[in-house]
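Each chain gets a letter, A, B and so on, in the order the sequences are listed, and its residues count up from 1.
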2 protein chains.
Amino acid sequence: MVQIVDSDAVARVLGVQPSEHHVRTIAGIFAALSDATRLRILLALSREQLCVCDLAAVTGVSASAVSHQLRVLRDRDLVTFERDGKRAIYRLADDHVATLLAQGREHAEEQS
Amino acid sequence: MVQIVDSDAVARVLGVQPSEHHVRTIAGIFAALSDATRLRILLALSREQLCVCDLAAVTGVSASAVSHQLRVLRDRDLVTFERDGKRAIYRLADDHVATLLAQGREHAEEQS
DNA sequence: TGGTCATCTGAACATCTGCTCATACGTTCA
DNA sequence: TGAACGTATGAGCAGATGTTCAGATGACCA
């Protein structure tokens, strides 16, 4: 069974922990950034707005796979798109996403 | 087949995309933050340094499960620990981790 | 209008992930 | 020394995830 050692610290932490729902939301955002394909999509969109087929070329996976992943990113409000005839032009939803990406890159560079 | 539409944009993006290895590293960092249990561990450690059993109490999962997840976090250099007798006291590896967490919380709050 | 193109979607499948359980190891203390 | 404790780890399993494939939709153009 679990024996608590520093019950004061545990109590302090439990007092300020975000709610179950909140934790899941945060985890969901990071999860969206945790796949190599989605990351490449987002890194590309942080430079240029692109249609699905161009994103497929950039990422090196099929347009279908890109479309599936864009759905994940749309659901998390990380990207938006605009229709242009038969094409869909995607871009990052806001600067916040770019900031998160930059932060991730920075941390990754630290560990050689 | 994939038909490129804006070949200039694709070329520009490909020119600045991080390497395969780099992308995987960044994805790995975000992946470490993408699980609710690991997130709770990190959020707790951003307030207090804690031993494994106290982290189990905070997160509400078994000490074994916490230990498994701490291994993931250690491997990604997100936490460090120090032995104190039979206990292992964990803390965040650096301020960068806290920054990433704060950034994630901030973004999560935006989407209501 | 028929054909092609860009995109989207659901099903199927292989892989990955996180938990539990059993077990092992080192530390503490009676 | 032996028992209890805190932690770590491997195997196994259920559920999640990412890709492919097939097919559908809507837009463009001959």
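Remark: R91(B) is not positioned above the aromatic ring of F81(B), lacking an NZ or CZ atom under 6.0 angstrom from the ring centre and at most 45 degrees off the axis.
One interatomic measurement links the two molecules: CZ of R87(A) to C1' of dA27(D), which rounds to 11 Å at whole-angstrom precision. Across the protein-nucleic acid pair, K86(A) atom NZ and dA6(C) atom P stand 5 Å apart, rounded to whole Å. dT27(C) atom P lies 21 Å from atom CD of Q3(A), rounded to whole Å.
Applying a 4.0 Å cut-off to non-hydrogen atoms, none of the residues of residues 33-50 of chain B approaches DNA chain D. Sorted by residue number, the members of residues 54-83 of chain A with any non-hydrogen atom under 4.0 Å from DNA chain C read S64(A), S67(A), H68(A), R71(A), R74(A), R83(A).
Between the side chain of D8(B) and the backbone N or O of A11(B) there is no donor-acceptor pair closer than 3.5 Å.
Residues Q17(B) and V58(A) are in side-chain contact: their nearest non-hydrogen atoms beyond the backbone lie under 4.5 Å apart.
Distances shorter than 4.0 Å separate none of the side-chain N or O atoms of Y90(A) from OP1 or OP2 on dA6(C).
Among pairs with a residue in residues 18-39 of chain A, those fulfilling salt bridge (Lys or Arg N to Asp or Glu O under 4.0 Å) read E20(A)-R24(A), E20(A)-R40(B), at least two apart in sequence or across chains.
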Kindly determine whether V23(B) and T25(B) satisfy side-chain contact (heavy atoms from CB on, under 4.5 Å), including the steps that lead there. CA-CA 5 Å; V23(B) 168; T25(B) 305; over 6 Å; no

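The heavy-atom pair separating A57(A) from V10(B) by the smallest distance is CB-CG1, 4.4 Å.
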